[in-house]
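Take a look at the structure set out below.
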Amino acid sequence: MFPPAQASPAQRYDQLIRDALGARPMRVAVVHPCSVEALQGALEARDEGLLEPMLVGPEARIRRIAEQAGLSLQGLPIEAVEHSHAAAARAVELAVQGRVGALMKGSLHSDELLGAVVAAGSGLRTERRISHVYAMAIPTYPKPLVITDAAINIAPTLAHKRDICQNAIDLLHVMGVPRPHVAVLAAVETVNPAMPSTLDAAALTVMATRHQITGALVDGPLAFDNAISLEAATIKGIASPVAGSVDILLVPDLEAGNMLAKQLIYLAQADAAGLVLGARVPVILTSRADSLRVRLASSALARLVAARAAVQVSPQEDA
């Protein structure tokens, strides 16, 4: 699905977008798009053919912002609600009813939107814990790299990490990687009872061999250098089946993941498409600082995930 290793990060995202355009069309609830950036993001993805936006929020305010910014809302349906909390609740209802295949964060806080998604009785909860992934295109790394979780789960338990890991693996399958390599990160490569992250990493590695985590090769604990560089692992005498070829970096907690992702974005010129997984529909989380390419890549990932989910829930045709 992705071009050769020598392709630039921009080319990797371009391929992702082309793949998404081949999937079934997707209507997306854009939740509380009460800023110029939120409206522009939805319109850009529509203009590229990636999604069909449905705006959910206070209609008069949305129209006023669009008029002031010179943005045309012609042809866009608007679900009118009074405020951001109601917008989040209504967007969840639309997803449960099957009227939209994904949610896109507008100008409300992420916690407000995700709180509605995971609320008891929302209809979007699954047996999985929701988690965030950054699908990163890094100039100095030869293939896409997923970092998880850097935005939602602050101090995940072992059970949470199992779900976080599986969510990311399932995304890589959608992206065309049949057996992704997962490195469970810690500060060291040996199990240390004083460092809980190493215990979790070792447990996750065994869970993968016992099919409690499926569809990937999982190894840890690994420090960042040994996960990314086979040379570094070899020098240290570490024999790891994922070293130097990792597709997913599973971080010990949100702080580590957030710092790692932002270091790559700002020091290594990485692009980072963001998506929330684990609910019945994907949730697109973008930042005002994101480039157009990143916003489009996030929408593309959501479209691919939603298309896969639609196929899985479709009734089997008679043989």
Side-chain angles (χ1 to χ4, degrees), residues 1-2 9-33 35-57 71 73 75-77 87-88 91 94-95 99-108 110 113-114 117 124 130-137 144 146 148 151 167-168 170-176 261 265 270-311:
M1 176 175 288
F2 283 93
Q11 290 172 317
R12 295 173 202 164
Y13 275 172
D14 288 345
Q15 183 62 51
L16 176 67
I17 291 167
R18 286 194 293 271
D19 291 333
L21 290 173
R24 65 177 63 191
M26 179 178 69
R27 172 150 283 179
V28 174
V30 186
V31 187
H32 198 67
S35 69
V36 174
E37 294 84 2
L39 285 174
Q40 283 179 330
L43 293 174
E44 288 163 351
R46 179 203 62 184
D47 293 344
E48 292 292 328
L50 285 169
L51 55 83
E52 301 168 1
M54 175 183 289
L55 309 181
V56 185
L71 302 174
L73 301 182
L76 290 186
L94 293 169
R99 293 178 58 188
V100 299
L103 308 181
M104 175 184 280
K105 175 181 172 289
S107 54
L108 78 173
S110 298
L113 174 57
L114 297 178
V117 171
L124 292 186
I130 66 167
S131 58
H132 180 272
V133 296
Y134 274 125
M136 309 196 78
V146 166
T148 189
N167 287 341
D170 292 349
L171 175 66
L172 263 293
H173 292 168
V174 169
M175 294 169 67
I265 293 168
D271 286 332
L275 202 63
V276 175
L277 304 169
R280 297 196 182 280
V281 300
V283 182
I284 303 166
L285 290 187
T286 55
S287 165
R288 287 176 294 177
D290 286 341
S291 67
L292 171 60
R293 184 170 63 251
V294 168
R295 292 196 296 268
L296 294 179
S298 299
S299 297
L301 282 174
R303 179 163 170 166
L304 290 170
V305 170
R308 170 67 67 89
V311 169

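Quantities reported herein were computed from a predicted structural model and do not represent experimental measurements. Numbers here simply count residues along the sequence, with the first being 1.
Rounded to the nearest 0.5 Å, atoms OG1 (T148) and CG (L171) are 9.0 Å apart. With rounding to the nearest 0.5 Å, the separation of CD1 in I17 from CG in L296 is 5.0 Å. Atom-to-atom distance recorded for L304:CG and L21:CG is 9.0 Å, nearest 0.5 angstrom.
Taking both residues in full, the closest heavy atoms of D271 and Y13 are given as O-OH, 3.1 Å, listed atom of the first, atom of the second, then distance. Across all non-hydrogen atoms, the minimal contact from V305 to V174 is N-CG1, 3.9 Å. When all heavy atoms of V31 and L108 are compared, the pair lying nearest together is O-CD2, 3.4 Å. Heavy-atom minimum distance, S107 versus A38: N-CB, 4.2 Å. Across every non-hydrogen atom of V146 and A168, the tightest pair is CG1-CB, 4.2 Å. Closest approach of L301 to A273, counting heavy atoms only: CD1-CB, 4.0 Å.
Within the 3.5 Å criterion, the main-chain N or O of R24 finds a donor-acceptor partner in the side chain of R303. No side-chain donor-acceptor contact under 3.5 Å links T286 to the backbone of G274.
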Atom pairs and distances, side-chain donor-acceptor, residues 41-55, under 3.5 Å, sequence neighbours left out:
residue, atom, partner, partner atom, Å
E44, OE1, R295, NE, 3.0
E44, OE1, R295, NH2, 2.8
E44, OE2, R295, NH2, 3.1

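For the pair L275/I284, a side-chain contact is recorded, criterion being any heavy-atom separation below 4.5 Å from C-beta on.
Looking at residues two or more places apart in sequence or on another chain, you find a side-chain hydrogen bond (donor to acceptor under 3.5 Å, both in side chains) between D170 and R128, Q166. Evaluation of the side-chain contact (heavy atoms from CB on, under 4.5 Å) rule for A272 yields Y134, M136, I265 as partners, not counting sequence neighbours.
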Handout entry: Intermediate values then yes/no, side chain to side chain contact (heavy atoms under 4.5 Å, CB included), S299 and M104
Key = CA-CA 9 Å; S299 297; M104 175 184 280; 3.6 Å; yes

Practice task
Using the side chain to side chain contact (heavy atoms under 4.5 Å, CB included) rule, take L113 and L103 through it: C-alpha gap first, then chi angles, then the decisive distance, then the call.
Solution key: CA-CA 9 Å; L113 174 57; L103 308 181; 4.2 Å; yes

